[in-house]
> 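My questions will all concern the structure given below.
Here, residue 1 is the first one in the sequence, and each next residue gets the next number. The model shown is predicted, which means the values in this text are computed figures rather than measured ones. Quick note: numbers below take in every heavy atom, side chains included, and nothing from hydrogens, waters or symmetry partners. In each ligand, atom 1 is the first atom listed, and ligand 1 is the first ligand listed.
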Amino acid sequence: MASISEWYAGKNVLITGATGFMGKVLVEKLLRSCPEVNALYILVRPKAGQSMSERVQDMMKSKLFDRVREDNPEFHQKIIPISSELTQPGLAISPEDVQTLTSCINIVFHCAATIRFDEPLKHALQLNVIATQQLLSLAQQMKHLQAFIHISTAYANCNRRHIDEVIYPPPVEPKKLIDSLEWMDDNIILDITPRLIGDRPNTYTYTKALAECVVQQESGKLNIGIIRPSIVGASWQEPFPGWIDNFNGPSGVFIAAGKGILRTMRASNDAVADLIPVDVVINLTLAAGWYTAVHRPKTALVYNCTTGGINPFHWGEIEHHVMSTFKRNPLEQAFRRPNANITSNYLINQYWILVSHKFPALLYDLFLRLTGQKPQMMRIFNRLHKAIGLLEYFSSQDWEWNSDNMNMLMSHLSAEDRKTFNFDVRQLNWPEYIENYCIGTKKYVLNEDMSDIPAARQHLRKLRNIRYTFNTVLLVFIWRVFIARSQMARNIWYFVVSLCFKFLSYFRASSTLTQ
Ligand SMILES: CCCCCCCCCCCCCCCC(=O)SCCNC(=O)CCNC(=O)[C@H](O)C(C)(C)COP(=O)(O)OP(=O)(O)OC[C@H]1O[C@@H](n2cnc3c(N)ncnc32)[C@H](O)[C@@H]1OP(=O)(O)O
Ligand SMILES: NC(=O)C1=CN([C@@H]2O[C@H](COP(=O)(O)OP(=O)(O)OC[C@H]3O[C@@H](n4cnc5c(N)ncnc54)[C@H](OP(=O)(O)O)[C@@H]3O)[C@@H](O)[C@H]2O)C=CC1
């Protein structure tokens, strides 16, 4: 049987969400490990004043593509951007492009989605569900299509504790919801959203569950695979360790902790931190594409792509390794020395928010005002609290995912494919991974230079001295207020001093006797 890269040789691949975090890694891996692939058609929209082609040019220039560029400087010729806005009817693809896609595509990877937890329901539905529906209709017209791979999330069914590799009944019939929301006013939708999402924490997980159902309903005669990654983090090995380019999920939390801004967060020390490296997810996705096309399973196969059941690591351990990495490799211009703690206790967390977040922010903003600058720290903390508030649901509890299909897929790979498309997370060394992850946020998200680490360490020493000075001043102040003004405090103070004196005299006398 042909190896995975042999199978991709000569194939035309359609990718949605190719400008996103996972999409980019998918494009890079395909070009690097399947160099004979014929063409990658990517659906891209213009954004933030940049045209579609400018965005694709920028993407190809990024560091992520360094290894591909080295192997094949002409790699960009294999990337064919197609203008598309997924929220528009017909995905806003021109009739000529539809013609091209339906006549040549062999495999589709659907990565595009809105992953914002606070997305209004109507928009999340439009992108995560209706766009998926439209893409499936387009796929039905593709004459040479061999597989359709949909990227879902392991948290689509996070209202269950144990999650099997099956498509669960949807919380509501997607078509009925689409029809109802079409005529409803935005304010009414906002009001009924909590009732609709029920025991799911946000519109993201809710619409991703509906999307899985749509994939099942609209699949017709297509060969379908569904990948459900848990919390996707920086790369483990490929194209180089620690690659990450966004603030999503844990990355933003790590950065905020490394900058000394985040001091406390609600999370359970003992809960499994189900992080999965992005290269693992992409290797599994490509292998699943190959398997789906070659073996044509009778029903859509779901792959839970998680680490918790295979090689568990906990939030408490993550906290320890993140802090120790950022102490050794500090971020530039930290606000305070990194010292974040997680706790599952609501009141303790609120106390530390007050003492370690709000109070320093107030002081710093006061300092900024006094020096004629614009106060900004309180605003930053408010945004941070909103973001971590949305993540706490995932860091405070455990889920169990069945991963039989992931194991089954691995057993079908040749020894060579298992190396090239490695998704065996038993080999993952967590402390090393977390260290590379944190360094990756420094290098690739914040674009900080590793050669500036001595200066960053010097800055941390300065912050430590400021803290010591501040604590000393505070102590003297307390002395003045309480000890100097109250007779009882003075008595206690004299009692403590005389006790220390007696202890010292006793210690001196006994050490003279033993000589
Ligand atoms: C040591 C402790 C260990 C414990 C550690 C526990 C970790 C516990 C993780 C659980 C993780 C679950 C993950 C579920 C698994 C999925 O299924 S994955 C899907 C993951 N999705 C996400 O993570 C999306 C979550 N994010 C959101 O929903 C929205 O970004 C938020 C949080 C509501 C914020 O919205 P917003 O205030 O409108 O801000 P947003 O537009 O996103 O960003 C504004 C700007 O701030 C920047 N920014 C965002 N965050 C930051 C930041 N932290 N710092 C600096 N800048 C930032 C952005 O880059 C952006 O810059 P510009 O592009 O404007 O230049
Ligand atoms: N990141 C994670 O931790 C996890 C992600 N997933 C799933 O993986 C997939 C990819 O996620 P990730 O790469 O992190 O997400 P990103 O937000 O990084 O990427 C989303 C992609 O979708 C595209 N997109 C969004 N809206 C539109 C639109 N209206 N028209 C055209 N394209 C659009 C974006 O394009 P543009 O650049 O133009 O905005 C971008 O390419 C998603 O399906 C997500 O649900 C699952 C589990 C965890």
> Give the atom numbers and elements of ligand 2 that come within less than 4.0 Å of a heavy atom of Cys111.
9 (C), 10 (C), 42 (C), 43 (O)

> Ignoring angles and geometry beyond distance, decide whether Phe21 reaches within less than 3.5 Å of ligand 2 through its nitrogen or oxygen atoms.
yes

> Output the list of atoms in ligand 2 that are nearer than 4.0 Å to some heavy atom of Thr87, sorted by atom number.
29 (N)

> Is the closest N or O pair between Gly17 and ligand 2 shorter than 3.5 Å?
yes

> Do the non-hydrogen side-chain atoms of Glu28 and Lys24 ever get within less than 4.5 Å of each other?
no

> Below 4.0 Å, non-hydrogen atoms only: which portion of Lys208 touches ligand 2? Side chain, backbone, both or neither.
side chain

> Phe109 versus Ile151: any side-chain heavy-atom pair under 4.5 Å?
no

> Heavy-atom distances under 4.0 Å are what count here, so tell me which part of Met22 touches ligand 2: side chain, backbone, both or neither.
both

> Does Thr114 come within less than 4.0 angstrom of ligand 2, counting non-hydrogen atoms of the residue?
no

> Below 4.0 angstrom from a heavy atom of Ser152, which ligand 2 atoms are there? Numbered from 1 as shown, please.
6 (N), 7 (C), 46 (C)

> Do you see a donor-acceptor pair shorter than 3.5 Å between the side chains of His110 and Thr132?
yes

> Less than 4.0 Å is my threshold; does some heavy atom of Tyr204 fall inside it relative to ligand 2?
yes

> Sort out for me which residue in Arg67, Lys29, Lys419 forms a salt bridge (charged side-chain N to carboxylate O under 4.0 Å, His left out) with Glu238.
Lys29

> Taking the side chain from Tyr433 and the backbone from Ala234, do they hold a donor-acceptor pair closer than 3.5 Å?
yes

> Parallel under 30°, tilted from 30 to 60°, perpendicular over 60°: which one fits the rings of Phe117 and Tyr204?
tilted

> I'd like to check which ligand 2 atoms, numbered from 1 as shown, lie under 4.0 Å from a non-hydrogen atom of Ala113.
20 (C), 22 (O), 25 (C), 42 (C), 43 (O), 45 (O)

> State whether the shortest distance between N or O atoms of Thr153 and N or O atoms of ligand 2 falls below 3.5 angstrom.
no

> Against heavy atoms of Leu86, which atoms of ligand 2 measure under 4.0 Å?
28 (C), 29 (N), 30 (N), 31 (C), 32 (N)

> Whether the side chain of His320 engages the backbone of Gly316 through a donor-acceptor N/O pair (distance < 3.5 Å, no angle test) should be reported.
no

> Is there a donor in the side chain of Gln126 and an acceptor in the side chain of Glu119, or the other way round, less than 3.5 Å apart?
no

> Please confirm whether Ser230 comes under 4.0 Å of ligand 2, counting heavy atoms of the residue only.
yes

> Can you tell me which portion of Arg55 lies within the under-4.0 Å heavy-atom range of ligand 2? Options are side chain, backbone, both, or neither.
side chain

> Would you kindly specify which portion of Asn248 sits under 4.0 Å from ligand 2, judged on non-hydrogen atoms: side chain, backbone, both or neither?
neither

> Donor-acceptor pair, Glu165 side chain versus Asn304 backbone, under 3.5 Å?
yes

> When you measure from the side chain of Arg200 to the backbone N and O of Asn159, does any donor-acceptor pair fall under 3.5 Å?
no

> Taking only heavy atoms of Ile151, which atoms of ligand 2 are found under 4.0 Å from at least one of them?
7 (C), 8 (O), 9 (C), 43 (O)

> Has the side chain of Arg266 got a donor or acceptor atom that lies under 3.5 Å from a matching backbone atom of Gly389?
no

> Using ring centroids (six-membered ring only for Trp), state whether Phe423 and Tyr303 fall under 6.0 Å.
no

> Any atom of ligand 2 sitting under 4.0 Å from a heavy atom of Gly249?
no

> For ligand 2, which atoms have a heavy atom of Ala112 less than 4.0 angstrom away?
22 (O), 23 (C)

> Please work out whether any backbone atom (N, CA, C, O) or any side-chain heavy atom from C-beta onward of Ala131 is under 4.0 Å from ligand 2, and answer side chain, backbone, both or neither.
neither

